[in-house]
Participant: 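To start, I am sharing the structure in question, which I have written as structure tokens.
If you read the sequence from its start, that first residue is 1, and numbering goes on from there. Note that these values count all heavy atoms, side chains included, but never hydrogens, waters or copies made by symmetry. Just follow the structure's listing: the first ligand is 1, and inside any ligand the first atom is 1.
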Amino acid sequence: MNENEPQYLWWQEGIIYQVYPRSYQDSNNDGVGDIQGIIHRLDYLQWLGVTIIWLSPVYPSPMKDFGYDISGYTDIHPLFGTLADFDTLVTELHTREMKLVIDLVPNHTSDEHPWFTESRSSRDDPRRDWYIWRDAGPNGEPPNNWLSVFGGSAWEWDENTQQYYYHAFLTAQPDLNFRNPDVVEAMKDIMRFWLDRGVDGFRVDVMWHMIKDELLRDNPPNPAYQEHMVTYDSLLPVFSTDQPEVHSIVHEMRKVLDAYNERMMIGEIYLPLDKLVTYYGIDNRGAHLPFNFLLLHVQWDALSIAALVAAYEAALPPGAWPNWVLGNHDQSRIRSRVGSEQARIAAMLLLTLRGTPTIYYGDELGMRDVSIPLEEIQDPQGLNMPEKDVSRDPARTPMQWDTSEHSGFTTATPWLRTDRAYMRDNVATQLEDEDSILRLYNRLATLRQNEPALKTGSYKSVAVNRNGLAYIREANGTRFLIALNFSHRPCRLQLHGQLEGEIILATAPGLEGTAIDNTLYLGGDDGIIVRLAN
Ligand code: NOJ
């Protein structure tokens, strides 16, 4: 290795895969996935080519928000296993040279967390100020107009102590008061607990919510609000989120990580690009990867995607490392957003862009959103606002492993129904099919891991028109051209310069091995990776 070549860290070179533990693999047949189940599937994950597992919460929790309501930060919910199981998971991952990133939910606890039980016990309790308590207005109304993301007011009246407490999400998820330094210290201790156990990083839940306006000023109305939107969107959350003080808290958390060797922090942040990139922090001393959710809501066409990639690349602060996300447990699945053919293009895009990719479990099989009857809905967001049709359950259904009953996820009744399409869309069946989306993901991931140009090389857009997009990734003189047709119709892309090469990977069979030159002809839904001759 040339000494002048830049060195990259595991979270820059790697591929993240999100495991939603309830739905991955049940090992004790109670219908809910668990840690032993995940351990059982590590060989699969290693084969797939992902290197970093992000595990959604496995902490003790009343499960009102499926683990995002934590009642104990330093233990494991018996549904998922034990701390010993967790330690085994860490060891097994590290043996495979894989990494573990766990969810950290600092913004709020469960109302069953002992901190909150103490806090609500009396106004004089030492923990009172750990949460956000305020008097009612003159007519008994809440302290301000803030709304809960899950519907209704964000303030809940406590009869016993005659004050309101603030909750950005469920009433069962009271927000902690990050203006209290003891809360910050407690969260830092929790981080150390898990870092000492060997976790490699955290995905920090709702990072941009962590601190609120000191004066609790009313949020202004959203002029773009429309009836079909959730009520939360009727106001602009300018005083309840993304406060300037959040960055010093993120920096405090970063300092905890920096005291260890090569640990990292991802921030869950839904904000416009210019605000998102501020979470890298001054001199990149904030979050290592503020999650980039641009692909989740983009209009799926070449011009929009080209513009979005250009805007993101341009907005990154110097030295900040990019990342891309195609799906997560709060969003509609990629295949349901763009269709089966374009899901393959999306895979090629995700795994050839510059920056750490995140794959949501099951997207590698083309799992789709599953229709869940009203009476089976589990998600509080769906239950609280049934008329808005915003349940997140459809994207959280059991992983589809094989053709056995309940897709090999469990032998009991699964906590959420399995897609009836599992007979076709499952790991075992797709492994047998060279042209399956699973095999495509595997080949893309493997190629990326083996080629520095794709893993960490530069990015340059070289052609775009209304149907397609082409770009070049380059490192150490090795160049790859990626051309993607975002339409179902044929697409011609005119390149400039003297480009020649051979297609080494394609979304559709029959293209590999073909030579290309400056004029690219792509069939509908075709994506190609070309190794360019120098
Ligand atoms: C973001 C998580 O991704 C989501 O699932 C959860 O409901 C909220 N934060 C509240 O914790």
Side-chain angles (χ1 to χ4, degrees), residues 16-24 33 54-73 77 101-113 116 131-132 146-152 154 156 165-176 178 187 190 202-212 230 232-233 237 240-242 246 265-271 276 279 287 289-293 296-297 325-333 358 360-361 369 377-385 388 390-397 415-416:
I16 303 173
Y17 181 97
Q18 181 188 357
V19 170
Y20 193 67
R22 290 184 74 83
S23 300
Y24 207 60
W54 153 29
L55 185 62
S56 283
V58 289
Y59 308 97
S61 160
M63 294 288 166
K64 302 249 172 67
D65 189 20
F66 297 109
Y68 286 93
D69 49 327
I70 297 174
S71 52
Y73 280 100
H77 194 301
V101 168
I102 59 169
D103 233 295
L104 179 73
V105 188
N107 179 68
H108 45 270
T109 68
S110 159
D111 60 348
E112 292 181 27
H113 193 291
F116 191 68
Y131 293 83
I132 302 169
W146 295 359
L147 297 171
S148 156
V149 176
F150 291 153
E156 181 72 2
Y165 69 85
Y166 175 69
H167 58 93
F169 297 91
L170 295 174
T171 54
Q173 291 168 299
D175 280 46
L176 283 162
F178 270 83
M187 212 44 74
I190 290 162
F202 300 100
R203 172 269 191 189
V204 180
D205 192 68
V206 294
M207 187 179 260
W208 83 116
H209 272 261
M210 281 196 300
I211 193 162
K212 345 291 169 191
V230 295
Y232 179 74
D233 291 334
S240 50
T241 63
D242 192 35
V246 74
M265 172 166 64
I266 300 170
E268 185 209 18
I269 302 149
Y270 285 92
L271 283 176
L276 173 71
Y279 284 75
L289 298 178
F291 256 153
N292 163 10
F293 294 137
L296 294 176
H297 299 123
V325 177
L326 261 194
N328 64 39
H329 63 293
D330 296 326
Q331 307 292 334
S332 183
R333 282 189 179 274
T358 297
Y360 181 49
Y361 88 91
D369 290 349
I377 292 185
Q378 305 282 330
D379 176 25
Q381 179 169 281
L383 289 171
N384 284 3
M385 300 176 279
K388 307 273 179 179
V390 288
S391 168
R392 298 168 294 181
D393 290 341
R396 297 176 174 181
T397 57
W415 75 283
L416 209 54

Participant: Can you pull out the closest protein heavy atom to atom 3 (O) of ligand 1? Residue, atom name and distance to 0.1 Å, please.
Facilitator: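 So the nearest neighbour among protein heavy atoms is D330 OD2, 2.5 Å.
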Participant: Can you list the ligand 1 atoms lying under 4.0 Å from a non-hydrogen atom of R392?
Facilitator: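 It comes down to these atoms of ligand 1: 4 (C), 5 (O), 6 (C), 7 (O).
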Participant: Run the ring-centre check on F169 versus H209 and record whether the distance is less than 6.0 Å.
Facilitator: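 Between H209 and F169, which both carry aromatic rings, the centre distance is below 6.0 Å.
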Participant: Could you tell me whether ligand 1 has any atom less than 4.0 Å away from a heavy atom of F66?
Facilitator: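 No; F66 lies far enough from ligand 1 that no heavy-atom distance drops under 4.0 Å.
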Participant: Below 4.0 angstrom, N of the basic side chain to O of the carboxylate: do R392 and D369 qualify?
Facilitator: no
Participant: Tell me which protein heavy atom sits closest to atom 7 (O) of ligand 1, plus the residue, atom name and distance to 0.1 Å.
Facilitator: D65 OD2, 2.6 Å
Participant: Treating Q18 as the side-chain partner and T358 as the backbone partner, does any N or O pair qualify as donor plus acceptor under 3.5 Å?
Facilitator: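 No; judged by distance alone, with no hydrogens or angles, the pair does not exist.
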Participant: Between Y68 and N107, is there a side-chain donor-acceptor contact under 3.5 Å, judged purely by atom types and distance?
Facilitator: no
Participant: Does ligand 1 have an atom under 4.0 Å from some heavy atom of R396?
Facilitator: yes
Participant: So, using salt bridge (charged side-chain N to carboxylate O under 4.0 Å, His left out) as the criterion, who are the partners of D205 when residues are at least two apart?
Facilitator: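 Residues passing salt bridge (charged side-chain N to carboxylate O under 4.0 Å, His left out) with D205: R203.
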Participant: Quick one: look up the protein heavy atom nearest atom 1 (C) of ligand 1 and list residue, atom name and how far away it is.
Facilitator: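 Going by distance alone, atom 1 (C) of ligand 1 is nearest to D205 OD1, 2.9 Å.
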Participant: Out of all atoms in ligand 1, which are within 4.0 Å of some heavy atom of F150? Include the element for each.
Facilitator: 7 (O)
Participant: With a cutoff of 4.0 Å, is M207 in contact with ligand 1, counting heavy atoms of the residue only?
Facilitator: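 M207: no contact with ligand 1 (<4.0 Å).
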Participant: Considering the heavy atoms of E268, write down every atom of ligand 1 situated less than 4.0 Å from one of them.
Facilitator: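 So the answer, numbered in order with elements, is 1 (C), 3 (O).
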Participant: Measure R203 to ligand 1 on non-hydrogen atoms and call it side chain, backbone, both or neither using the 4.0 Å cut-off.
Facilitator: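 Side chain only.
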Participant: Could you check whether Y165 and F116 have their ring centres less than 6.0 Å apart?
Facilitator: yes
Participant: State the NE2-OH distance between H113 and Y131, to the nearest 0.5 angstrom.
Facilitator: 6.0 Å
Participant: Out of H209, H108, H329, whose heavy atom sits nearest atom 11 (O) of ligand 1?
Facilitator: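 Looking at heavy atoms only, H108 sits closest to atom 11 (O) of ligand 1.
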Participant: Below 4.0 angstrom from a heavy atom of V206, which ligand 1 atoms are there? Numbered from 1 as shown, please.
Facilitator: 1 (C), 9 (N)
